[in-house]
Structures are given as C-alpha cells and as structure tokens.
Amino acid sequence: MSETDEVIDRELTMSRAMVESIAHEMREDEEVFYMGEDVADYGGIFDSTQGLLDEFGRDRIMDVPISETAYLGAAVGAAQEGMRPIAELMFADFFGVAMDQIYNQLAKNTYMSGGNVNVPLVLTAAVGGTYNDAAQHSQTLYGTFAHIPGLKLVVPSTAYDAKGLMHNAIRDDDPVMYLFHKRLMGIGWMPAPSGPKTPVPETDYTIPFGSADIKREGADVTVVTLGLHVHRALAAAESLAAEGIDVEVVDLRTLVPLDTDTILESVRKTGRLVVVDEDYRSFGVTGEVIARVADRDLGALDAVERVAVPDVPIPYARPMENEVIPDADDIEARVRAVASE
Amino acid sequence: MSETDEVIDRELTMSRAMVESIAHEMREDEEVFYMGEDVADYGGIFDSTQGLLDEFGRDRIMDVPISETAYLGAAVGAAQEGMRPIAELMFADFFGVAMDQIYNQLAKNTYMSGGNVNVPLVLTAAVGGTYNDAAQHSQTLYGTFAHIPGLKLVVPSTAYDAKGLMHNAIRDDDPVMYLFHKRLMGIGWMPAPSGPKTPVPETDYTIPFGSADIKREGADVTVVTLGLHVHRALAAAESLAAEGIDVEVVDLRTLVPLDTDTILESVRKTGRLVVVDEDYRSFGVTGEVIARVADRDLGALDAVERVAVPDVPIPYARPMENEVIPDADDIEARVRAVASE
Amino acid sequence: MVSQDKLCELYADMLTARYYEERLQEEYLEGKQPAFDISAGPIPGELHLAAGQEAAAVGVCHHLRADDTVTAPHRPHHVAIAKGVDLKRMSAEIFGRKTGLGKGKGGHMHLFDPDVSFACSGIIAEGCPPAAGAALAATKRNEDAVAVAFLGEGAIDQGAFLESLNFASVHDLPVVFVVEDNDWAISMPKERVTDVEDGSDRAAGFDMPGIRVDQDDAIAVYEAAGEAIGRARDRNGPTLLEVQVHRRMGHFMGDPQTYRSDADEEAALARDSIDRLEAELRDHGVDDDELDAIRDEAESRVDEAIAWAKEQPHPDPDDAYDDVFVNPPSGVTTEEPEFELAEVNADE
Amino acid sequence: MVSQDKLCELYADMLTARYYEERLQEEYLEGKQPAFDISAGPIPGELHLAAGQEAAAVGVCHHLRADDTVTAPHRPHHVAIAKGVDLKRMSAEIFGRKTGLGKGKGGHMHLFDPDVSFACSGIIAEGCPPAAGAALAATKRNEDAVAVAFLGEGAIDQGAFLESLNFASVHDLPVVFVVEDNDWAISMPKERVTDVEDGSDRAAGFDMPGIRVDQDDAIAVYEAAGEAIGRARDRNGPTLLEVQVHRRMGHFMGDPQTYRSDADEEAALARDSIDRLEAELRDHGVDDDELDAIRDEAESRVDEAIAWAKEQPHPDPDDAYDDVFVNPPSGVTTEEPEFELAEVNADE
Ligand SMILES: Cc1ncc(C[n+]2csc(CCOP(=O)(O)OP(=O)(O)O)c2C)c(N)n1
Ligand SMILES: Cc1ncc(C[n+]2csc(CCOP(=O)(O)OP(=O)(O)O)c2C)c(N)n1
Ligand SMILES: [Mg+2]
Ligand SMILES: [Mg+2]
C-alpha cells in the first residue's frame with residue numbers, strides 16, 4: 001500500500017533531493033549544521049548545499065579552513081556534545097589528510113566508550129571519475145571506507161534514494177559516511193545520465209540502511225552494483241534483453257550494512273553473479289560480495305565475474321580512463337560470459 | 001639444489017633478521033637511510049633498528065618529529081631524488097595521520113608521471129594485536145593497504161622470510177610497504193611463539209614478491225593466511241592431523257602482488273579453502289582470496305570459510321580480544337566444518 | 001591570590017593522581033613477573049603513567065565545570081582525576097572490567113566519561129580537533145562552556161594540533177590548548193625534534209596568546225590557566241598554554257629508559273611539584289595533621305577504587321560484538337516507505 | 001640591483017606563462033560549447049590557470065638550477081614554465097597525449113619533469129614534505145642543491161605545510177616555502193579561514209624567517225627570493241616567503257565566481273605585475289621593438305608547444321595498464337634462493 005494516494009511526478013536531480021532533505025532536517029532540528037570547504041557562498045562544489053546559506057546563514061552553513069583534520073575532528077567533538085553536524089569532504093580522494101579522525105576517532109569512539117558516547121555525524125563526500133580528473137580526484141574508494149568498522153556507508157544512485165537515505169543518515173545516532181557520485185548529481189557543468197533524476201515525494205521519508213533495492217528484475221543473471229554503475233548496469237540490461245538475457249540489477253544503496261540476503265535471494269534465482277564496482281578491483285567491493293555469497297551458499301553460484309577498476313590509479317587521458325572505468329559494454333561482456341557458462 | 005652445501009642452523013628472531021638485512025644494505029649503499037620515531041637511541045619500539053645507530057650514526061638512523069605526514073613525505077621526496085629511504089610508521093594504526101602521502105603521493109607518483117619518476121622507498125610498520133593494546137594500536141589493516149594500487153605489500157611470518165623479503169624490498173625501485181607483526185618479532189617484553197625464530201643464512205638473499213610459500217603440505221584442506229596466523233594455522237594443522245585432517249598451509253608473504261597461482265593449485269588439490277586473516281573480515285583479505293579463486297576456477301571450490309576479525313574495533317579486555325582475534329581453535333573449527341562438507 | 005582551600009583541593013588531587021599512578025604501576029608490574037610480558041597480569045597492554053605531571057592537570061582542571069569538555073592524550077589519568085572522572089569506573093576500565101567506563105572495550109588510552117565531558121585518544125594530537133569542536137558547539141548553542149585539549153610537547157609538531165590552532169583562532173573558539181612539556185617524547189628529547197624552544201612559541205604564528213609556566217608549580221599553573229580559561233569563558237578567544245612538568249617514570253611501563261641519562265632522571269625526580277605545593281601549604285600554616293589527613297583521604301580513595309575495580313566482573317567474550325553502533329539503534333527507520341512514483345526512463 | 005638582462009628574462013617568462021594560460025583557456029573552453037561539459041573537448045577535467053600569479057613563479061625560479069627541486073600545487077603551469085619544464089611535453093600532458101610528461105596519465109595537476117626536478121600534486125600542501133625531503137637528500141649527499149615548495153595562501157592551514165615548517169626548521173633544511181597569496185581559496189576569502197593576516201606570519205611560530213612581498217612585483221620577489229634561496233644554498237636554514245599575487249580568472253575554468261564581487265575582480269585585473277615590469281623595463285630604456293620581440297618570441301614558443309601537443313598521438317586504452325610499477329622491474333629478483341635450513345619447531 002502506498003503512503004499517499006497520488007502518483008508522485010515531481011522530478012528532482014540527485015543534488016536537489018539531497019539538499020531538500022538537509023534543509024528539512026535543519027528546519028526541524030537546530031542542532032543540525034553543515035560544514036565544509038566552499039559550502040557557503042559557493043553552495044558546494046558539487047551543489048551539495050546549493051541555496052542553503054540564504055536560508056540558514058553562515059552559522060549553520062559554515063565555510064571552514066582547508067584543514068580537514070581540524071574541521072572533521074571538530075565535527076566529531078560537536079557531535080559528541082549532542083549536535084548533529086554534517087561535514088563535507090569535498091572529494092573522497094582527500095580522505096588521506098584526515099583519515100585518523102575518520103577511522104580512529106569518529107568510527108571507534110562509540111565502541112571504545114562501551115556505548116557511552118555516540119557520534120551522530122554525517123560525513124559527505126563526492127566520489128567518482130568519468131570526467132578526466134585523474135588519479136587524485138576520481139576515485140570512489142568504497143572498499144577503503146567499507147572496511148572500517150563503526151562507520152555506516154551510504155551510496156545513493158537516484159534522487160529518490162538520495163533523499164530518503166539522507167534523512168535516515170541525519171537521524172541516525174551513529175556516524176554515517178554518505179558518498180555521492182559527481183556524475184549523478186545533475187550539476188550544470190557535468191551532465192548526468194537520465195536515470196538519477198527521479199520523482200521525489202515532497203514529504204520527508206527515510207530509507208532504511210541495509211536494504212538493497214532491486215532496480216530491475218530479471219531471471220538469468222544477477223548484477224550487484226552501486227552508485228553510477230547502477231545506471232550503467234541498467235543500460236547493459238536493456239541491451240542484453242534484446243539478446244534474450246534477462247538481467248536482475250541489485251542496487252546495494254548501503255555498503256555498511258550490506259544486504260546479503262537480497263543478494264543471495266537473487267543469486268539463488270539466477271545462479272549467475274556479476275559484481276560491478278567503480279572502485280579498485282582487489283580487496284574491495286567485488287571480492288566482498290562474491291565471498292559473502294560463496295560463504296553463505298556456495299552451491300547457489302554457477303558462475304561469477306568481477307567488473308571493476310583494474311588496480312591502477314585512474315589515468316587522466318580519455319582513452320585510458322574509459323578503459324579502466326567499467327562501462328555498459330564491459331558489463332554486457334561479463335554478463336554474456338556468465339550467461340553462457 | 002641448495003645455494004650452499006652446509007645446513008644452516010644459526011637461528012635468529014624475526015627482528016634480528018630484519019635488522020641484519022637493513023644493515024647489509026646500508027653498508028652496500030650509502031643512499032639507504034632509516035627514519036622514524038624512536039629509531040635511533042631507542043632502536044625502534046619493536047626492535048626494528050636495534051643497534052643500527054651505533055654503526056651508522058644519526059645521519060643515517062634518523063629520529064624525526066611526531067609528524068608522520070612531514071617525514072613520510074620527506075622520504076618520498078628523498079626517494080624521488082634517487083635515495084633509498086626506509087621510513088617507519090611506528091604502528092600501522094597511525095596511518096590515518098599520513099595517508100595522503102602514502103596513497104596519493106608515494107603510491108601514485110610513478111603512474112602519474114608515466115614512469116618518469118620512481119619512488120624506491122620502504123615503509124615499515126608494526127601490526128597486530130594479541131597483547132591488549134586496544135582499538136588504536138592493535139590492527140593489521142592488511143586490506144586497507146592492499147587495496148591501494150601502486151604499493152607493494154609484504155607481510156613476513158618468519159625470520160628467514162623477513163630477511164629475504166627485506167633485501168628485496170630495499171632493492172626494489174618501487175614503493176614497498178613492509179608490515180611486521182609485533183608478536184613475531186621476538187621482542188624482550190612480548191614473547192613470540194617459537195615459529196618465527198628460524199635458521200637464517202648469513203649471506204644476503206632475496207625472496208621474490210608474489211611467491212606464496214607452502215609452509216605445510218596437506219591434501220585435505222587449504223588454509224591461506226599470513227603473518228602471525230601462519231603460526232596459528234600450523235598449530236591448528238598439527239592438532240587436526242591427529243584427527244586425520246591433512247591441512248595445507250599457504251603463507252602469502254606478499255599481498256601485493258598476490259600469488260593466486262599457488263593458492264589455486266592448492267585449492268585444486270584440496271577443494272576446500274579456509275582463509276585466515278587478522279584484519280577486519282569485510283572488504284579485506286578473506287574476501288579477495290575467495291573471489292580470486294571463485295573468479296578463476298569456481299568449480300575447484302567445494303567448500304569455503306572465512307576466519308577473521310568480525311568487523312568490530314579491537315576491544316581491550318582479554319576475554320573480548322581473544323574472542324575477536326582468531327586463534328588456533330577458531331581455525332580448527334572452520335577447517336573441520338569445510339572438511340565435513 | 002589563590003585561597004588556602006583551593007590550594008588544599010589542588011594538593012589533594014595531585015596526591016590522588018600521584019598515588020594512583022604508583023598503585024597502577026604496582027598492579028601492572030605484579031603481573032609481569034618473572035619475565036616482563038606485556039600481555040600478562042591484571043593490567044595488560046601499554047600503560048602510560050603521569051607521575052610528575054600533576055601540576056598541569058590540576059592547575060588547569062580546577063577551573064573547569066562538568067560541562068566543560070576536556071580531551072586527553074595517551075597519558076590521561078592525572079587529567080581525568082583532576083576533571084572529576086569517576087575513579088572507580090575508570091579503574092575498572094583500566095583493569096578491563098565490564099563495569100568500566102567503556103565496559104572494558106577502551107582501555108587506559110580510551111577513557112570516556114560523558115558525565116564530566118571527558119574523552120581521550122591514543123593518537124598524538126588527535127584530541128585537539130574534537131576539543132575545538134566541543135567549543136564550537138558551545139558557541140553555537142550560546143552556552144558559556146569551554147573546552148581544553150591536553151597534549152605532550154612532542155605533539156606540537158603534529159598537523160592535528162597545528163590545524164586546530166588556526167581553526168580555533170579564526171573562529172574565536174573558547175578552547176585552551178595545554179601542552180605538558182615533560183622534555184621527552186618517548187626517547188626523543190624535544191631539541192631533537194622541535195624547532196622552537198618553548199611549545200608556547202607556536203602561538204605566535206597563529207595570532208593567539210601563548211603562555212608558558214616554566215616551573216613545575218601548581219599555583220603558577222592555576223593562575224595562568226585561570227587567565228586562559230577566563231578568556232575562553234568570556235568569549236575572548238583561544239589560548240596556548242604550556243607547562244613544564246617532569247616525567248618521573250618511563251614512557252610506558254617496561255620502558256628501559258636506556259636513552260636517558262641518570263642525571264636527567266634524577267633532576268626530574270628532584271623537581272617535585274607535590275613537594276613544592278606542600279611547602280607552600282606549610283607556609284600558609286597548614287599543619288602536619290591536616291596534610292596527613294588530605295594524604296590519607298587521597299590514598300584511601302585510590303585504594304578503594306582499585307579494590308572495587310578488581311572485584312568487578314570480566315566482560316564476556318561475546319560482549320565484543322556490542323557497541324560498534326548505538327545499541328539499540330535510534331533515530332532510524334527499518335521500514336521502507338512506499339510511494340507510487342511516476343515512470344521514468346532509467347537509462348543512461 | 002637586478003640586471004636589465006635578468007629583468008628581460010623575467011619578463012619573457014611572465015609573458016610566456018600568461019599567454020600560455022590564455023591559450024589553454026581558449027582551447028579548454030572551445031570544447032565546452034554549447035553547454036559546458038567538463039569531460040568534453042581537447043582538454044577535459046579540471047583546469048586551474050595561474051594568470052596574475054606569474055611574478056611569484058618567475059621571481060623565485062630564476063634563482064634555481066635544474067638540480068634544485070620545485071614542487072607545485074594544483075595550479076602549476078606558471079611555476080613549471082619558470083622552472084624550465086619542457087613546454088612541449090607539458091602541453092602534450094595537458095592535452096592527454098602519449099608523448100606528454102606523464103604519457104597522458106597525470107594531467108595538468110600531476111606534471112613531473114625529473115630533468116629539471118619539477119613535480120606537482122593536486123592535494124593541498126602535500127608537495128611541502130617532498131620538497132623538504134629533496135632538501136634533506138641534498139644535505140645528506142653534501143650537495144648544494146636547494147628545494148622550493150609552492151603553495152596557495154589557502155594551504156597554510158593544512159597540516160602537511162605546518163608540519164613541514166617544523167621538519168625543515170629543526171633539520172635546518174635548504175628549502176624555501178613560497179606562499180602565493182591570491183586572496184582566495186576557491187570561494188573562500190582568506191579572512192574567513194585563516195587567523196593570521198599574512199601567511200608569512202606563520203613563520204614566527206616555527207623559528208624561521210618569514211618574508212612577505214606585499215606587492216605584485218617581480219623585481220621585489222626576485223630580490224626577496226634571492227635572499228631566501230641564498231640562505232638555503234649557504235646552509236643557513238629554511239625560509240617562508242609569501243608573495244601577493246592576483247587571481248585574474250576563476251578558480252578553475254567554468255567557475256562562475258558568483259561569490260566574488262565585481263570590485264574585487266576588477267582590482268585584481270588592474271594590478272597587473274606584467275604591466276608593472278614592462279613599465280620598469282621602459283624606465284630602463286628598453287624600447288617597444290625589444291619588448292615586442294620578447295613578446296613575440298614568448299607567444300610563438302607557446303603556440304608552437306600547443307600546436308605540437310595537439311598533433312601528438314593519443315594513448316592507447318591499454319597503456320592504462322603500464323607504469324603502476326617501474327617497468328621493467330629493476331633491482332629485484334624473481335627467483336627464490338634455496339638453502340638447506342635446519343629443522344625447527346614451527347608450533348606456536
Ligand atoms: C600519530 C601518532 N604517532 C606516534 C604515536 C606513538 N607515540 C605515543 S606517545 C608518543 C610520544 C608522545 O610524546 P609527548 O607528546 O611529549 O607526550 P608524553 O608521552 O611525553 O606524555 C608517541 C610518539 C602515536 N600514538 N600517534
Ligand atoms: C587536502 C585538500 N583539500 C581540498 C582540496 C580542494 N581544493 C583544491 S584547490 C583549493 C583551494 C586552494 O586555495 P589556495 O591554496 O589559496 O590556492 P589557489 O587555488 O588560490 O591557487 C581547494 C580547497 C584539495 N585539493 N586538497
Ligand atoms: Mg613529552
Ligand atoms: Mg589562493
């Protein structure tokens with residue numbers, strides 16, 4: 001049964017959906033504030049705070065020095081006082097200058113305090129390549145962050161999901177890392193594919209973490225993916241449908257917690273698993289998803305393939321970047337391979 | 001055929017073996033120097049530089065400020081000038097204060113320069129728990145470092161391997177991260193198991209990267225592991241032998257490059273794979289090893305298990321730390337499980 | 001002029017902190033016989049004791065309220081005691097017991113007592129940004145709470161501290177950074193690793209007042225800290241305060257200190273801030289009986305806390321699985337809403 | 001007094017750098033029609049141009065030799081030009097071609113030319129530690145090479161820079177940190193994010209001389225840098241040098257600059273260091289013909305380099321798999337030795 005009677009047809013870009021939920025939470029709760037570089041007047045390099053300065057002022061939409069350790073750590077301190085900061089790391093690629101605050105403090109303080117302290121903080125960051133920004137500005141690093149105990153990890157692929165997951169992230173009393181893919185945001189200077197722009201309810205709603213979403217049902221092959229690659233997998237599925245291969249596309253939506261049940265259910269149906277990831281291949285998402293399935297039900301697996309960045313830094317020039325970041329063709333090829341096994 | 005005619009019976013602790021190869025390389029090559037906190041007068045908190053100050057002086061065994069970004073970055077700069085620094089991060093757990101230098105600079109400069117620049121640097125760090133040092137000083141973080149393209153990753157388990165791998169690391173023109181497990185070093189205040197103390201040739205010798213070592217041959221179950229857990233797996237194998245389960249123990253020795261062939265060969269023989277790791281379970285070593293095998297030869301796998309730290313920070317108190325860090329009993333249980341499948 | 005009552009309070013806390021470290025040392029080493037094994041005994045793992053550094057902790061913390069946040073580094077006990085952290089539950093934590101501040105999960109470098117706004121971190125200088133953040137929260141909420149970050153002199157070369165100076169200064173945050181200069185960072189003397197002679201000199205590059213208390217003198221610290229914390233409380237910005245202290249023990253228990261000259265160690269032992277304050281109290285006319293009474297009370301508080309701690313239950317192995325996240329989860333839904341969304345083209 | 005010849009050299013490099021950025025802007029934007037798409041055109045990705053910042057680069061780099069290391073940040077072209085980086089191969093890199101400095105792998109933020117000891121990084125301030133490391137290598141080898149790290153005024157709040165100040169100072173390294181103060185860090189004016197008024201004020205907290213050149217004046221920079229680099233070359237320690245420059249363009253191409261007032265932009269455009277140096281040259285009696293000749297040569301050098309770059313082959317997709325590691329591998333064995341080792345007990 002639907003929450004409302006009407007069909008929702010108001011479409012938003014993913015960035016507008018994110019901003020809408022942030023604005024809503026800020027109106028509801030004075031303790032929510034946003035800090036980051038260029039989030040005030042600029043509105044976020046990737047439009048993540050577009051328009052918020054006007055409504056909320058500099059105190060709640062705070063520009064900060066280029067001192068990621070200091071300001072992320074300050075967010076941790078404020079969160080431990082009971083505030084609900086949202087702190088933006090402009091590019092996920094910059095995590096290395098502040099990783100200690102991320103993984104040794106914010107992710108561990110709840111555990112180390114035996115649950116006496118909690119850190120209700122949302123850490124947002126832009127991820128992804130496909131626009132030739134080279135090795136230090138194009139990574140997704142999903143595996144790196146998902147490997148850290150104590151941090152929930154959200155990766156939306158559509159405006160609808162982005163809004164519901166952001167509401168949930170802000171209301172969560174645990175630290176949540178929220179990675180938005182630049183290519184999906186609908187930024188003026190970086191055209192998005194059409195998929196991420198979806199109808200979005202005006203009301204607030206929360207999408208629970210650990211609930212993967214089947215973005216396309218199919219009987220033959222399971223493609224498990226996230227972020228930008230949901231849309232590339234859907235495009236591949238359309239082409240493959242013409243060849244008679246019926247692909248199911250599972251959008252993980254959160255990596256921590258990981259919805260193994262939904263993946264497993266799909267694989268039990270199809271027997272064939274292709275995991276598609278924009279992060280580096282080894283020691284990351286593709287390995288984990290395959291191992292979860294193998295560990296839980298090895299017999300369900302008839303064939304398996306990994307599609308990811310082949311353990312090289314992201315190269316700058318177009319032919320090479322295109323080569324290493326999986327596209328719909330790469331997905332199709334691997335799906336065909338498992339389908340014929 | 002053996003390199004020498006004699007049987008080598010001079011036993012060294014792992015730390016003495018490491019130091020011996022560092023000293024040898026420093027004598028041979030003036031460009032090699034060691035920098036780190038407490039590496040001079042103290043001789044390394046984990047004995048990694050014991051005695052070197054006396055022979056080489058402060059210029060080549062350099063204490064540095066508690067500024068990991070500055071001194072690891074300085075090591076990168078010196079390496080790019082053609083020197084061959086060894087830089088120590090006292091505990092791998094501290095990587096977060098200097099991660100950008102590690103993964104955005106030293107690991108990527110060769111690639112970003114199209115091979116015009118190389119970074120012959122060895123980054124040493126202590127890893128591991130089992131002595132109740134809690135969440136910020138007990139991690140191995142193998143998966144985190146192995147996920148970074150551009151960095152070779154070495155994890156010795158014996159004195160013999162430690163020496164040969166260190167020689168290779170220092171001579172390598174690429175950046176190498178060399179993680180030594182505290183519990184294996186043979187430090188006065190932290191008793192080591194007997195396994196890591198092995199006969200070590202006096203001569204210099206190199207162990208190639210990407211060559212896993214079968215530490216015990218067996219026909220029934222393959223246990224793939226590294227570091228401290230090689231010895232725990234060997235202990236488990238001894239017990240299991242009494243039950244009639246013949247375990248093969250594969251010591252990875254390097255995670256990057258990863259010797260998939262040796263793993264695969266073993267699994268093709270046994271059909272049963274247990275991966276044992278002291279790092280966090282998800283998005284790490286166990287997933288990667290299983291996925292490599294599944295990807296290359298799914299049919300070879302009859303049963304699979306993962307033994308690792310269950311996605312929680314390392315707790316302080318003994319009963320809890322013992323619970324989360326796999327021991328021989330945990331390995332035995334999982335081996336029995338796959339053996340009976 | 002500091003009142004005599006206040007001086008007695010400082011003295012009591014200094015004695016408590018000193019005796020606490022001595023008792024922990026005993027307990028720690030007891031379990032390390034005959035051969036030192038870091039993982040053996042009632043207190044395993046690393047243990048960093050602060051004997052000789054009490055003046056800094058009490059001189060500063062006696063200006064603070066329960067809602068003023070303090071962050072401490074790897075050597076936290078004296079600060080925790082001065083801040084009023086529950087001594088029993090802190091001891092239970094150090095002994096790894098279930099009723100400890102962190103249920104035995106944190107250990108001695110990770111003590112969290114939200115009741116008195118106290119936290120620590122074992123990573124050098126990484127407590128500075130959260131202290132600045134607590135100060136930021138106070139300003140956002142228009143409260144007059146302040147925050148204090150403690151760190152060692154070896155930590156003043158670390159990015160987290162240096163960035164925090166700018167962050168606090170540019171946002172005019174009510175925070176005080178307190179550098180405990182004990183001359184050593186493990187085996188490294190400060191001259192070898194730090195360019196400036198005094199840690200307080202760093203302030204000059206960050207448009208912030210820098211004060212140094214050159215002697216290991218609780219009264220001088222109390223006065224200097226009063227100024228700094230007053231400035232914060234009045235919303236006149238942050239301060240960097242350095243205090244000379246002395247490391248009477250090794251860096252951690254088991255440290256052979258072979259890098260340290262006997263003369264240096266003896267000098268550290270000779271300059272005892274507790275003796276100094278005791279002399280001052282005598283000058284004020286406090287007599288032996290009163291001094292003994294204070295000492296007795298301090299010692300029995302410590303003995304009681306430690307005795308209590310040692311009787312506490314050990315955690316169960318399975319407790320390890322709790323508390324990674326807030327438990328039970330709060331503020332989040334577990335049910336997905338249902339909306340009827342118009343069809344859209346989901347192709348790329 | 002700077003010689004007239006030297007002034008002409010500075011002028012030539014400033015013109016080269018300015019014209020280079022203008023030409024890149026053209027090429028970049030050409031491919032972004034009709035709607036701006038960052039991934040389209042002959043130069044995709046982000047592009048940070050340095051028009052208005054030439055005085056800092058040339059004033060400093062004209063004191064340097066090929067073996068003196070320079071690290072530059074995300075806005076590197078003017079520095080690279082002043083340091084003598086191969087303009088053709090640098091252009092080929094920016095156009096993503098196979099013959100580029102990094103074979104098309106690096107892009108404009110990651111230019112490496114070991115022939116003139118030039119490197120960059122797109123991560124704020126992370127070029128500072130490697131510059132200190134190059135200086136360290138020189139001292140270890142007893143060579144008189146020096147190193148210079150360039151950074152923006154927004155980078156002086158970053159740990160990597162601040163730690164490097166101490167590291168350089170305590171080890172007396174021959175390195176100069178050059179802050180190009182263009183008033184802005186993307187959209188953030190310096191007053192909003194940095195406590196000190198002048199970046200050079202940071203030096204005071206690190207026992208290091210801090211010099212600021214307040215005007216966008218190549219000659220003044222050249223003189224100040226001469227002092228700083230001389231100090232390094234003579235092994236008298238590091239210096240922090242700040243230079244006021246002006247950002248004539250957006251932070252990156254495509255930056256709408258809606259955060260910036262017209263007045264600020266106009267003021268930046270009005271204070272042109274090239275005009276200033278040109279006036280100075282005229283005062284020295286350099287006539288129009290000579291100035292035109294310099295300009296013509298600069299422009300044709302740039303035009304040629306860009307034309308050459310655009311003719312270069314694109315990399316093959318499969319080139320992406322090379323160069324993660326040194327290729328072919330060197331210095332390492334691939335064969336395992338065989339020794340006969342005595343039996344040992346391998347149990348735990
Ligand atoms: C980032 C980081 N680097 C190194 C260490 C290891 N370490 C622990 S204490 C210490 C020395 C600290 O010296 P100081 O700050 O003077 O404090 P003290 O121990 O003298 O109280 C070091 C290097 C650490 N915990 N964190
Ligand atoms: C660690 C890190 N944080 C943030 C960024 C994003 N970023 C790129 S340039 C820039 C502004 C830099 O300002 P400034 O140092 O003044 O140099 P300018 O751009 O003015 O030349 C920022 C924040 C980055 N590249 N690295
Ligand atoms: Mg100290
Ligand atoms: Mg700037």
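In this text the structure is predicted, and so the values were computed from the model without any measurement. Below, chain A is the first sequence line, B the second, and so on; all start at residue 1.
Both the backbone and the side chain of A:V312 come within less than 4.5 Å of a heavy atom in chain D. Within the 4.5 angstrom heavy-atom criterion, no atom of D:I156 approaches chain A. Only the side chain of A:M90 comes within less than 4.5 Å of a heavy atom of chain D; its backbone N, CA, C and O stay farther away. Both the backbone and the side chain of A:E37 come within contact range of chain D, each with at least one heavy atom under 4.5 Å from a heavy atom of that chain. Interface residue D:A40: only backbone heavy atoms are found under 4.5 Å from chain A. Contact annotation for A:S138: neither backbone nor side-chain heavy atoms come within less than 4.5 Å of a heavy atom of chain D. With a 4.5 angstrom heavy-atom cutoff, D:I124 touches chain A only via side-chain atoms. Heavy-atom distances place the side chain of D:E126, and not its backbone, under 4.5 Å from chain A. Using a 4.5 Å cut-off between heavy atoms, D:K98 does not touch chain A at all. Contacts of A:T69 with chain D are absent, with no heavy-atom separation under 4.5 Å from either backbone or side chain. Using a 4.5 Å cut-off between heavy atoms, D:D322 makes no contact with chain A at all. Neither the backbone nor the side chain of A:I187 comes within contact range of chain D; no heavy atom of the residue lies under 4.5 Å from a heavy atom of that chain. When heavy atoms are compared at a cutoff of 4.5 Å, A:N322 does not approach chain D at all. When heavy atoms are compared at a cutoff of 4.5 Å, D:F252 approaches chain A solely by way of its side chain, counted from C-beta outward.
Among the candidates D:I38, D:V324, D:L47, D:L162, the residue making the largest number of heavy-atom pairs closer than 4.5 Å to chain A is D:I38. Across A:P313, A:P310, A:G188, the residue that shares the most heavy-atom pairs under 4.5 angstrom with chain D is A:P310. If you tally non-hydrogen atom pairs under 4.5 Å between each of D:A125, D:S121, D:G254, D:A155 and chain A, the highest count goes to D:S121. If you tally non-hydrogen atom pairs under 4.5 Å between each of A:A134, A:A98, A:P191 and chain D, the highest count goes to A:P191.
Residues A:D38 and D:S187 have side chains that bring a donor and an acceptor to within less than 3.5 angstrom of each other. In summary, the side chains of D:E93 and A:Y316 do not present any donor paired with an acceptor at a separation below 3.5 Å, with no hydrogens or angles considered.
Separation of atoms CG (D:D157) and CD (A:E68) is listed at 10.5 Å; rounding is to 0.5 Å. Going from atom CZ of A:R318 over to atom NE2 of D:H314 covers 8.0 Å, rounded to the nearest 0.5 Å. In this structure, CG on A:D133 lies 8.0 Å from NE2 on D:H108, to the nearest 0.5 angstrom. Separating the CG atom in A:D41 from the CD1 atom in D:I186 is a distance of 12.5 Å, to the nearest 0.5 Å. Rounding to the nearest 0.5 Å places CG of A:N132 at 11.5 Å from CD1 of D:I43. A:K182 contributes atom NZ, which lies 11.5 Å from atom OG of D:S39 (distance to the nearest 0.5 angstrom).
A 4.5 Å side-chain heavy-atom check between A:M320 and D:K103 finds every atom pair outside the cut-off. Counting heavy atoms from C-beta on, the side chains of D:E46 and A:I45 never come closer than 4.5 Å.
The two atoms that bring A:V64 and D:M188 nearest to each other are O-CE, 3.0 Å, heavy atoms only. The shortest non-hydrogen separation linking A:A317 to D:G96 is CB-O, 3.3 Å. Nearest heavy-atom pair, A:I66 versus D:Q158, reported as atom, atom and distance to 0.1 Å: O-NE2, 2.8 Å.
With hydrogens and angles ignored, the 3.5 Å screen pairs no side-chain donor or acceptor of A:E323 with any backbone N or O of D:D318.
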Give the table of side-chain donor-acceptor pairs shorter than 3.5 Å for residues 49-56 of chain A, with sequence neighbours excluded, one pair per line with atom names and distance.
unit_1 : atom_1 : unit_2 : atom_2 : d
A:T49  : OG1    : A:V39  : O      : 2.7
A:T49  : OG1    : A:G43  : O      : 3.0
A:T49  : OG1    : A:G44  : N      : 3.2
A:Q50  : NE2    : A:D47  : OD1    : 2.9
A:E55  : OE1    : A:R27  : NH2    : 3.0
A:E55  : OE2    : A:R27  : NE     : 2.7

